[in-house]
Each structure stands twice: as C-alpha cells, then as structure tokens.
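I have placed the structure first, in the form of structure tokens, so that the comments after it can refer back to it.
Protein chains get the first letters and strands the later ones, always in sequence-line order, with residue 1 at the start of each. Only heavy atoms go into these numbers, but all of them, side chains included; no hydrogens, no water, no symmetry mates.
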Protein chains: 2
Amino acid sequence: MRVLIVDDEEEVASFIKSGLEDYGIVADTAADAIIGQKMMAEKSYTSVILDINLPIINGYEFCQIIRERYRDVAILMLTALGSTEHKLTGFDVGADDYLVKPFEFRELMARLRAINRRRAVGPIESVVLKMADLELNVKSKEVRRGNRKLTLTARELALLEYFMKNPNKAMTRAEIAENVWDVSFDTGTNVVDVYVNYLRKKIDKDFSPKLIHTLSGIGYIMKEDET
Amino acid sequence: MRVLIVDDEEEVASFIKSGLEDYGIVADTAADAIIGQKMMAEKSYTSVILDINLPIINGYEFCQIIRERYRDVAILMLTALGSTEHKLTGFDVGADDYLVKPFEFRELMARLRAINRRRAVGPIESVVLKMADLELNVKSKEVRRGNRKLTLTARELALLEYFMKNPNKAMTRAEIAENVWDVSFDTGTNVVDVYVNYLRKKIDKDFSPKLIHTLSGIGYIMKEDET
DNA sequence: ATCATCCCATGCGTGTTTTGATTGTCGACG
DNA sequence: CGTCGACAATCAAAACACGCATGGGATGAT
C-alpha cells in the first residue's frame with residue numbers, strides 16, 4: 001500500500017504521513033495538484049488523501065482527473081468544508097470517502113483501510129495479523145496467543161503466516177505446500193500434515209477456541225468459530 | 001441494486017426506504033438481525049444499511065456475520081453512536097462506511113453510491129452459492145440451510161457444489177459421475193444414487209422445499225419449485 | 001561436535017467411499 | 001384387478017483412503 005497525500009498545509013500533510021508510516025505504510029506528500037499529478041505518473045499509488053482547498057487546481061477537479069486516468073485508485077477527501085453540499089460534490093467527482101477536518105487520525109486510518117479493503121486482492125497488508133487472541137507480527141515475527149509469547153521455527157512461522165493471510169478459506173495440502181514450501185508439490189510426502197501438527201501443538205493445544213481445523217478429504221482451514 | 005435496511009426504529013427505516021425508492025432502488029426493511037439474516041438468505045442484496053443498537057444481536061456482530069457469509073455485500077453503518085471508538089469498531093467488523101445520525105438523506109445516498117461504485121470495480125465472483133434458504137460458501141466450504149450449519153463429507157460437498165452450479169438443469173447419472181468423480185463413468189455402479197441419497201438426508205430431509213428432484217429415466221435436477 | 005530444525009517413512013485407528021444385494025415405487029399390460 | 005418389469009431408494013458390510021502420531025535421518029547453524 002502506497003499513499004499520496006495532497007494538502008498545502010505542511011503540518012497536516014506531515015502529520016498524516018508520519019502516522020501512516022507507523023503502520024508500515026509508505027506515504028508521500030504533495031503541496032498541490034500539479035506536483036501530485038507528477039508523482040502519480042512516476043509511482044503507482046493505491047490511495048490518495050486529498051484536500052479540496054488547493055492552489056492552482058482545486059481538489060474536486062484533481063479528483064476527476066485521477067478518476068479518469070487511474071480508475072482504480074482509492075480517493076479519500078479530507079477537508080474543512082463540512083456542508084452536505086460540499087460532500088455531495090466530493091462524491092460526485094468520484095471520491096470514495098469524505099472526512100471533515102478536524103479529524104482523529106484513527107478514524108482516517110480506519111476509513112482508508114475500508115476503502116482499500118475491497119479493491120486489494122488480499123486484505124490490506126497489516127503488520128499485525130490477528131485472529132481471536134492470536135497475533136502474528138509479520139515484521140518482528142513475534143507470535144503471541146493471549147498474553148503468552150510463543151516461539152516458532154521458521155517453517156512453522158511461514159505456515160502460520162499463510163494461514164492467517166487466508167482466514168476462513170479451505171485450503172488443500174497442495175495449495176499449502178506450493179505456497180509455504182514454494183516447490184511444486186511432490187506428492188507422496190506428508191510435510192504439511194506434520195507441520196500443521198507442530199503448529200497445533202504450539203498455538204492451539206493449550207488454548208481455546210481452536211483455530212486450525214481439519215476438513216476431511218479437503219485440507220485445512222483457519223477460522224475462529226468452532227465445529 | 002437492492003438494499004436491506006436493518007433498524008428497529010420504524011420511522012427511520014421507512015424514511016430511508018421511501019427515499020431510496022424515489023431513486024428507483026428496491027429496499028426492504030428488517031427490525032432486527034434475525035429477521036435480516038433470514039431476508040438475506042432468501043434474496044441477494046447488494047448493500048445493507050445497518051443500525052448498531054439492535055435487539056438480540058447488535059449491529060457489530062451482525063456485520064461480522066454478513067462479512068463472513070456474503071463477502072461482496074456493501075455495508076453502511078448508520079447509528080447515533082458518533083464517538084471515534086464506535087466508528088473504529090464499526091470499520092473493524094467490516095463496515096464499508098459509517099454515518100452518524102442525525103443525517104441528511106442526500107449524504108446517505110451519496111455514500112451508498114460511493115461504496116457500491118467501488119465494489120463494482122473488481123469483478124469479485126460471489127463465493128456463496130444459494131438456492132432457497134440453502135447456502136454453500138465455496139471458499140470456506142461451509143454449508144447451511146436456514147440457520148443450521150450442516151457437515152458434509154468431501155464427496156457430498158463436491159456433489160452439492162456441482163448441483164448448485166447447475167441449477168434447474170436436468171443431469172444424467174453419467175454426467176454427474178464424470179464431473180464429480182472425474183472418472184469416465186463405469187456403468188454398473190450406483191454411487192451417484194447412493195450419494196444423492198446421502199445428500200438428501202442432510203439437506204432435504206428435515207426441510208422444505210425439497211431441492212433435489214428425481215427425473216425417472218433421466219437423472220436428477222436441482223431446483224426450487226416443487227413438482 | 002552438538003543441537004535444533006526440517007523432512008520423510010511407517011503404522012494405526014477411524015471415518016469415508018464403494019459395492020452389491022434388497023426393498024420400494026410406479027406404470028404398462030395381460 | 002393383479003402381475004410384471006424397469007427403475008429408484010435404501011441398507012449394511014467390505015474396501016479403502018485419510019489424517020495423525022511417532023521415530024529417525026539429513027541438514028545446517030552455533
């Protein structure tokens with residue numbers, strides 16, 4: 001995920017930028033639409049956070065330009081203009097969401113996530129993957145369940161990461177093997193079974209609810225609810 | 001576009017409903033999540049407008065349920081709870097947008113349009129196959145009829161999936177055998193009959209209407225209406 | 001050299017799948 | 001009106017595959 005912030009107020013822009021970076025999201029800033037346009041030509045952004053009161057070209061016009069050229073970029077308008085008329089115009093020119101200043105950063109973040117959630121192939125790449133009380137920090141490779149810290153081996157970790165990135169999805173052994181062992185699956189081995197077993201011993205054995213479930217004849221699935 | 005409004009305040013719900021209908025959008029209302037769930041099982045909605053303060057099951061929980069089962073439905077939360085915490089929770093459970101009461105109808109309309117426009121971009125194939133109140137989530141392999149969860153074996157599941165992907169189509173045993181057992185049909189076995197029987201026991205026996213029908217001399221057909 | 005990690009092979013118990021025989025249903029025809 | 005035959009539904013035992021556990025060997029790191 002790469003975000004472009006277009007705002008002529010220096011403070012606001014850098015405040016958002018540093019906030020996003022705390023979440024591991026790359027962010028660039030642009031003071032006006034002309035600069036913004038150039039940056040979008042150079043790099044490909046997943047989202048744009050856009051002010052309306054901009055010098056030269058205003059936010060509405062810029063929004064239309066983006067929509068035309070980069071059809072699938074998520075656009076979030078962030079402005080002091082809070083009247084319904086303004087909002088309607090914003091959505092009219094193609095914004096995906098509209099947030100009024102002053103704002104809480106956490107809400108901005110949540111809205112940004114929401115508009116990206118659909119578009120992206122997988123869910124937004126959050127640094128911390130969560131399911132029930134199990135957490136996996138992809139960056140630090142730290143795994144904890146409840147308040148217990150767990151130590152996994154490299155392979156166990158890769159497997160868990162794959163599971164957590166595909167929650168509620170039934171997966172065959174072949175699928176898992178190809179993604180976690182990244183060799184085309186050599187039939188006649190049961191590594192997957194063995195490692196699922198290892199994982200279970202560490203993350204499920206002493207806890208509840210169980211997260212890794214077996215689907216007989218199909219494979220495995222990671223999900224929260226029992227059965 | 002078909003919208004479901006879940007709100008226990010009668011006035012609000014019907015206000016929105018009639019507003020949407022002015023725009024030629026079909027809208028249904030449900031007073032609580034249980035009713036809402038049933039309606040979603042029967043018809044397929046593009047969007048849900050969801051209150052949080054609901055009797056029995058609150059909006060957050062219902063939102064999660066919807067997200068799980070109907071991945072590609074747009075959810076807009078509409079509630080009096082305006083704190084950032086509430087909003088965050090809303091987005092956390094999978095809402096696409098969050099609007100605080102009191103609201104202007106025009107803004108609701110604009111936001112509804114925005115979240116649907118966005119969703120239409122990527123062709124997300126529906127993962128939930130439906131017929132009457134029977135649902136098969138192809139991704140998680142979960143099968144439910146009404147609100148009962150059913151457990152099928154791998155072969156039963158494959159058969160059901162084949163049936164549901166070819167609704168209202170008469171199919172011979174040979175056709176079924178080739179697709180579900182993927183061996184060229186060894187005449188002289190009655191596996192198909194046996195498994196249709198197993199399936200019926202699980203998905204049709206205690207329910208109505210019956211979905212799997214026998215065509216004597218031809219084969220089987222899956223369809224909703226009796227005969 | 002020692003240790004942890006990773007992968008493979010084997011065997012067992014259990015649930016699933018298949019088979020083959022029996023029972024049930026319905027229409028045609030004597 | 002009863003019988004027969006074709007077809008479908010049901011049943012239960014047998015064959016089979018699947019998933020899980022375990023021990024041990026190969027590999028690589030310290």
Nucleotide-resolved protein contact map, nucleotides 16-30 of chain D, B/S/- at heavy-atom distance under 4.0 Å: --SSSBB--------
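Applying the side-chain hydrogen bond (donor to acceptor under 3.5 Å, both in side chains) rule to A:N166 yields no partners; only residues at least two apart in sequence or on another chain are considered. A search for side-chain hydrogen bond (donor to acceptor under 3.5 Å, both in side chains) contacts involving B:K139 returns nothing, not counting sequence neighbours.
Considering A:L76, A:L112, A:V26 in turn, A:L112 is the only one that fulfils the side-chain contact (heavy atoms from CB on, under 4.5 Å) rule with A:V3.
Minimum atom distance to the side chain of A:R155 is reached by C:dC7, of the listed C:dC7, C:dC8, C:dT17. When distances are taken from the side chain of A:T189 to each of C:dC6, C:dC8, C:dC7, the shortest belongs to C:dC8. With distances taken from any side-chain atom of B:V191 to the nucleotides C:dT19, C:dT16, C:dT5, the minimum falls on C:dT19.
For residues 196-205 of chain A, every residue pair satisfying the salt bridge (Lys or Arg N to Asp or Glu O under 4.0 Å) rule, not counting sequence neighbours, is listed here: A:R145-A:D204, A:E156-A:K202. For residues 161-183 of chain B, the set of pairs meeting the ring pair (Phe, Tyr, Trp, His ring centres under 6.0 Å) definition, not counting sequence neighbours, comprises B:W181-B:Y195.
For the OP1/OP2 pair of C:dC6 and a distance below 4.0 Å, the side-chain nitrogens and oxygens of A:W181 include no atom meeting the criterion.
In this structure, CG of B:L159 is placed 15 Å from C1' of C:dT16, rounded to the nearest angstrom. In this entry the distance linking OH of B:Y195 with C1' of C:dG15 reads 10 Å, nearest Å. Across the protein-nucleic acid pair, B:L157 atom CG and C:dT16 atom P stand 12 Å apart, rounded to whole Å.
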Return all side-chain donor-acceptor pairs below 3.5 angstrom for residues 54-62 of chain B, not counting sequence neighbours, or 'none' if the list is empty.
| unit_1 | atom_1 | unit_2 | atom_2 | d |
| --- | --- | --- | --- | --- |
| B:N58 | OD1 | B:Y60 | N | 2.9 |
| B:N58 | OD1 | B:E61 | N | 3.0 |
| B:Y60 | OH | B:H86 | O | 3.3 |

